[in-house]
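The structure appears below as C-alpha cells.
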Amino acid sequence: MALGLKCFRLARPALCCSLAALTRPASEAVLKTVSGKQSGCGQNMARPAVPSRHFATKKAKAKGKGQSQTRVNLNTALVEDIISLEEVEEEMKSVLEALKDTFNKTVSIRTAPGSLDHITVVTAEGNFALNQIGQISMKSPQLILVNMASFPECTAAAIKAIRESGMNLNPEMEGTLIRVPIPKVTREHREMLVKLAKQNTNKAKDSLRKVRSNAMNQLKKSKDKASEDTIRLIEKQISQMADDTVAELDRHLAVKTKELLG
C-alpha cells in the first residue's frame, strides 16, 4: 500500500500536465517544453500562437448582399447649376401620370366615351386625336357612336385607328357614323386587358429610360463644373429616382391586374 502511494506521488506531476493539455482550449498558446532540467511541469514555457485571419463564409457574403444600399438625398439647390433634379423628377412623374391616365381611359372593364378620345387617327393632313375630328357619344351601355360628319373624309382612317387601338373594339360604319359595340366582359376580354396593361407599362418604362438617359447625357456635359465625387452622387441620385419610379409603375400594374382579373 505504501509503495502504491509513493508511485502515485511520483506520477502526479506528469498526470497534471497531461490533463492540462487535454482540457486546454484550442485557441490557447501551444506549450513547448524547454530542454534542460525540469521538475514536474513547472518549467514549461508558453509560446504565443500565431494569430489567424477569419474569412467570411459564402453564407455570410450572401447575407450581406441582401442588405439595402445607402440612399442619396442631395440638396437640389446646391447642384442646380449642374443639372435641375427637380425637372428630371417632374419628367419621371409625368411618365407615371401618363400611365395612370392610360389605365383609367383604355384599360378598363367598362368602356366609356372618354376612352376613345386619345386614339390617334392618321390622315393625309396629319395626326389627330379622334375627339378632334369626330363627336363621340354613348348611345347605350353597349354602344358608342362617333359622328364624323365634320370630317367625312377621315371616316375610314378613324375606323382603322379604333380597330388597331388594342382595346378589342370592332367598329362598324354607317355613312359618316361609326358604331362601336362594347365587348362583353368575358374572361378572355379581362386577360386581353391585362396584356394591354403590361404593354402600356413597358412603354412607360421605355419613356422613363429615355428621361434617365437624357439626364445622364446632360450631366456628362457638365463634368467640368463639379468634382468627380459630386458627379457620381448626382448620377446615383438620378438612378435612384428612376428606380423609385419603376417601382411605382410596377405597383400600379399590379393593382390594375388585380382589378381586371377580379
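When atom types are taken as modelled, the side chain of Ser239 and the backbone of Lys236 share no donor-acceptor pair closer than 3.5 angstrom. One N or O on the side chain of Lys256 and one on the backbone of Val107 form a donor-acceptor pair closer than 3.5 Å.
When all heavy atoms are compared, the tightest approach of Ala226 to Ile231 is CB-CD1, 4.2 Å. Here the closest heavy-atom approach between residue Ala242 and residue Leu208 is recorded as O-CD2, 3.6 Å. Closest approach of Val88 and Val211 over heavy atoms only: O-CG1, 4.2 Å. Across every non-hydrogen atom of Phe103 and Asn200, the tightest pair is CE2-CB, 4.2 Å. Closest approach of Ala129 and Asp117 over heavy atoms only: CB-O, 3.5 Å. What you find for Ala161 and Thr120 is that their closest heavy atoms are CB-O, 3.4 Å.
Between Met241 atom CE and Arg212 atom CZ the span is 11.5 Å, to the nearest 0.5 Å. Of the inter-residue distances, the one linking Leu193 atom CG with Lys195 atom NZ reads 12.0 Å to the nearest 0.5 angstrom. Rounding to the nearest 0.5 Å places CG of Leu116 at 5.0 Å from CD1 of Ile136. Atom CD of Glu235 sits about 8.5 Å away from atom CZ of Arg232, to the nearest 0.5 Å. Rounding to the nearest 0.5 Å places CD of Glu153 at 11.0 Å from OG1 of Thr176. In this structure, the separation between NZ on Lys220 and CD1 on Ile83 is 12.0 Å, given to the nearest 0.5 Å.
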Derivation and outcome, side-chain contact (heavy atoms from CB on, under 4.5 Å), residues Val246 and Asp250 | CA-CA 6 Å; Val246 169; Asp250 289 335; 3.8 Å; yes
List the steps, then state whether salt bridge (charged side-chain N to carboxylate O under 4.0 Å, His left out) holds for Arg187 with Glu191.
-> CA-CA 6 Å; Arg187 183 67 182 182; Glu191 291 175 351; 3.6 Å; yes
Would Ile178 and Glu172 count as a side-chain contact (heavy atoms from CB on, under 4.5 Å) if you check the C-alpha gap in whole Å, the side-chain angles of each, and the deciding distance to 0.1 Å?
-> CA-CA 6 Å; Ile178 301 175; Glu172 304 168 354; over 6 Å; no
Carefully, step by step, assess Gln199 and Leu196 under the rule side-chain contact (heavy atoms from CB on, under 4.5 Å).
-> CA-CA 5 Å; Gln199 291 175 351; Leu196 180 60; 3.8 Å; yes
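A 4.5 Å side-chain heavy-atom check between Met138 and Ile182 finds at least one atom pair inside the cut-off. Proximity of Lys205 to Arg209: side-chain heavy atoms (C-beta onward) are separated by under 4.5 Å at one or more points. Contact check for Ile144 versus Leu169: no side-chain heavy atoms found under the 4.5 Å cut-off. When side chains are defined from C-beta on, His252 counts as touching Leu96, because their heavy atoms get closer than 4.5 Å.
Here Leu143 sits in one hydrophobic cluster together with Leu145, Leu177; the rule is ILVMFWY side chains under 4.5 Å apart, joined directly or through other members.
In the displayed structure, Glu87 atom CD is contacted under 6.0 Å by at most 12 heavy atoms of other residues, nucleotides or ligands.
Taking the charged nitrogens against the carboxylate oxygens, Asp206 and Lys203 have no contact shorter than 4.0 Å, which rules out a salt bridge.
There is a path of hydrophobic side-chain contacts, each under 4.5 Å, that joins Ile162 to Met173. Hydrophobic clustering places Met192 together with Leu261 (ILVMFWY residues linked when any side-chain heavy atoms are closer than 4.5 Å, directly or through intermediates).
Test Asp244, Ile238, Asp243 against Gln240 for side-chain contact (heavy atoms from CB on, under 4.5 Å) and you get one pass: Asp244.
Listed by first and then second residue, the side-chain hydrogen bond (donor to acceptor under 3.5 Å, both in side chains) pairs involving residues 89-99 are Glu97-Lys100 (not counting sequence neighbours).
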